[in-house]
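Reading through the structure tokens given below for one structure.
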Amino acid sequence: MMGSTGAERTAKCVFLVAFCSVCQALQGGMLFPTESPSREVKDTGPVIDMPVPSSYNDITQDVKIRDFIGWVWYEKDVWVPARWIQDRGTRIVLRVGSAHYYSVLWVNGVKMTEHVGGHLPFEADISSVLRQSNANPCRITIAVNNTLTLETLPPGTIQYMNDRTRYPAGYFVQNINFDFFNYAGIHRSVLLYTTPNAHIDDVTVETTFSDNIGLVSYNVSVLGSSKPAVKVTLSAQDGRCVASADGTRGVLKITDVNLWWPYLMHENPAYLYSMEVQATAEDGQTDFYTLPVGIRTVRVTNTQFLINNKPFYFHGVNKHEDADCLSPHRKTRFVFQIRGKGFDWPLLVKDFNLMKWMGANSFRTSHYPYAEEILQMADRHGIVIIDECPGVGIKDIRSFGNVSLAHHLTVMEELVRRDKNHPSVVMWSVANEPASEMQPAGFYFKELVSHTKSLDSTRPVTYITDSNYARDQGAPYVDVICVNSYFSWYHDPGHTEIISIQLNTQFDNWYGKYQKPIIQSEYGADAVPGLHSDPPMMFTEEYQKTVLQNYHNVFDQKRKEFVIGELIWNFADFMTAQTITRVVGNKKGIFTRQRQPKAGAFLLRERYWRIANETGVLPTWARYPCQ
């Protein structure tokens, strides 16, 4: 056509290309997709907006999404700064903080990596893919599958319901052996970040002291350079350089050291130095990394847990990454769940304020590793942590097999690698309430504890048990006995008068056999907020308070001997699967899911501050709120 415009010519070219593509497609058949014994058909499902970080379960009003088991796909286009792509000396990395549970990552349609397990980060160097396409924006695709099997952590099983008189074809349920909602999705931030090609890959810090001299042993791993020049500098909080050294390995010596002390154990708790690591490659390219360092020691005797050679008593809580939002309308008080296990800064700060208000000095990351920002906050505020892996619900003998053990060892490697430099982390927990009376559990936990100690020789290792003391196959291998018990709740419900004798017997049995210090790692009772009864009855605030008081009476006797801690179950109410024993979640919290106190919170506040004041080192004022 004469006189046609450029736009018209372009349109014709596009049409011709499309026409030729159709001609090529007609060379083959195109049967309508149907399922058969040899074929499967899956459509893409609904496409919806999904915030990250968050669990996808509570975002919509669709019960199918709330309870969904299987693959979900996340996709987002992002603009990468042009200088990142143009600078060939820059390494571009994509990091996923946590996704539940099996994840596959693509960038611009190219598979970059996959990761097994939730709660822990994974990342990929995406530099070459971005530079090959030279395209902006960058398309990030993450497929996430929350299915649990006998070999995952936590384990679970898929059960198909084959009775066609009761269930439709293909109907299945995900069975789990843990008492919290199986939230899924991308729960922590997805970050793009850069490093030089020659970069600091890892830093390991171990600390000790003698008199007023602090010693910081460091080990720096550098990738991308065969002979890097490494300089390490340690600075005090006022900015003064207090020690420096050269080389990938070394020891920093600090005179008049300020030790990292737990909250309420010292008038100047949680002192952190700043370590700067500088690595310079042969071509002059330099990478810097800064790491907070708390100088402290941890040691266990057969009756004590020592921090900086002083007896430490755990008076704290168990938690969950879980909360509700509350409607601002006081009259309706309509509760709606939004984030699930998604990371939430306001919630984090609120929880630390509440813990410090009640005088808690510690918590366990029940029953999985929490976000790194939580550990960083604990470092800054002196809150001590028992760091637990996702080994919860190991109840089936098949979950003690070699495949499960290999995965469990890998999870501990990832956990120790991530959290090894946090002074707040004083002990590793490799499992919660496993079926440790089963014969294979002995070998399983011997290998697991030994491997964890090989990864980090500076911290004790434990797991939390509810097994019979005489038949627990893994107890001989741990450093501290952590016991869960619910006398007058799951056992002898309603009979608080038997708590004293049963709890005393529990402690005497465990210590008599193993001669190791004991932590009451869980105890408590459900309390529906606002439900009252006198005399106390189960599920009332009065009953929860009575149960706690009876436990505390025994704790006060046994902490003079070999009991080194008490952790209430739970800090706050939390969501669970729907069962006949749970009314919209577990109500054992001393705070509601919206962080409002029950009567038990005030009881624990009075108790914890009384215990803290027994140290004789506290100033007359309290560090509240968080500063």
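The residues of the chain are indexed from 1 along the displayed sequence. Given the structure is predicted, the values throughout are model-derived calculations rather than measurements.
Of the possible donor and acceptor atoms, one in the side chain of Thr152 sits under 3.5 Å from a partner among the backbone N and O of Pro154. No side-chain donor-acceptor contact under 3.5 Å links Tyr543 to the backbone of Asp526. Using modelled atom types, no side-chain atom of Asn177 and backbone atom of Val392 make a donor-acceptor pair closer than 3.5 Å. A donor-acceptor distance shorter than 3.5 angstrom exists from the side chain of His315 to the backbone of Gly359, with no hydrogens or angles considered. Checked by atom type and distance alone, the side chain of Glu437 never pairs as donor or acceptor with a backbone atom of Gln473 at under 3.5 Å. Thr465 places a side-chain N or O within donor-acceptor distance of the main-chain N or O of Ser467, the cut-off being under 3.5 Å.
Atom CD of Glu606 has 12 or fewer heavy atoms from other residues, nucleotides or ligands within 6.0 Å. No more than 12 heavy atoms of other residues, nucleotides or ligands sit less than 6.0 Å from atom CD of Gln578. Annotation: Tyr490, atom OH; neighbour count of heavy atoms from other residues, nucleotides and ligands within 6.0 Å is above 12.
Ion pairing of Arg595 with Asp351 is present here, as a side-chain N (NZ or NE/NH1/NH2) and a carboxylate O approach within less than 4.0 Å. Using a 4.0 Å cut-off between a side-chain N of Lys or Arg and a carboxylate O of Asp or Glu, Arg459 and Asp419 do not qualify as a salt bridge. Salt bridge status for Glu566 with Arg607: present, with a side-chain N to carboxylate O gap under 4.0 Å. Using a 4.0 Å cut-off between charged nitrogen and carboxylate oxygen, Arg418 and Glu413 do not count as a salt-bridge pair. Contact check on Asp573 versus Arg593 returns no salt bridge, with no Lys/Arg side-chain nitrogen under 4.0 Å from an Asp/Glu carboxylate oxygen. Salt-bridge check for Asp62 with Lys64: failed, with every basic side-chain N at 4.0 Å or more from each acidic carboxylate O. A salt bridge does not link Lys598 to Glu541: none of the charged nitrogens lies less than 4.0 Å from a carboxylate oxygen.
His408 and Glu151 share no side-chain donor-acceptor pair at under 3.5 Å. For the 3.5 Å distance criterion, the side chains of Glu75 and Thr141 qualify, holding a donor opposite an acceptor.
Contacts classified as salt bridge (charged side-chain N to carboxylate O under 4.0 Å, His left out) and involving residues 167-183 (residues at least two apart or in different chains) are given here: Asp179-Arg582. Among pairs with a residue in residues 494-505, none fulfils salt bridge (charged side-chain N to carboxylate O under 4.0 Å, His left out), at least two apart in sequence or across chains.
Using cut-offs of 30° and 60° on the angle between ring planes, the pair His552 and Phe555 is tilted. The aromatic rings of Phe591 and Phe571 sit tilted, their planes meeting at an angle between 30° and 60°. Ring geometry for His367 versus Trp569: interplanar angle under 30°, hence parallel rather than tilted (30 to 60°). Aromatic ring pairs are classed by plane angle as parallel below 30°, tilted from 30° to 60° and perpendicular above 60°; the pair Tyr368 and Tyr370 is tilted.
Lys516 forms no cation-pi arrangement with Tyr511, by the criterion of a distance under 6.0 Å to the ring centre and an angle within 45° of the ring axis. In this structure, Lys588 forms a cation-pi arrangement with Tyr486, its terminal cationic atom sitting closer than 6.0 Å to the ring centre and no more than 45° off the ring axis. The side-chain tip of Arg559 points at the ring of Tyr313 from less than 6.0 angstrom away and within 45° of straight on.
Closest approach of Asp58 and Ile338 over heavy atoms only: CB-O, 3.9 Å.
Side chains of Phe180 and Asp322 form no contact here, defined as non-hydrogen atoms less than 4.5 Å apart.
Aromatic rings of Phe400 and Tyr444 (six-membered ring for Trp) have centroids within the 6.0 Å cut-off, being under it.
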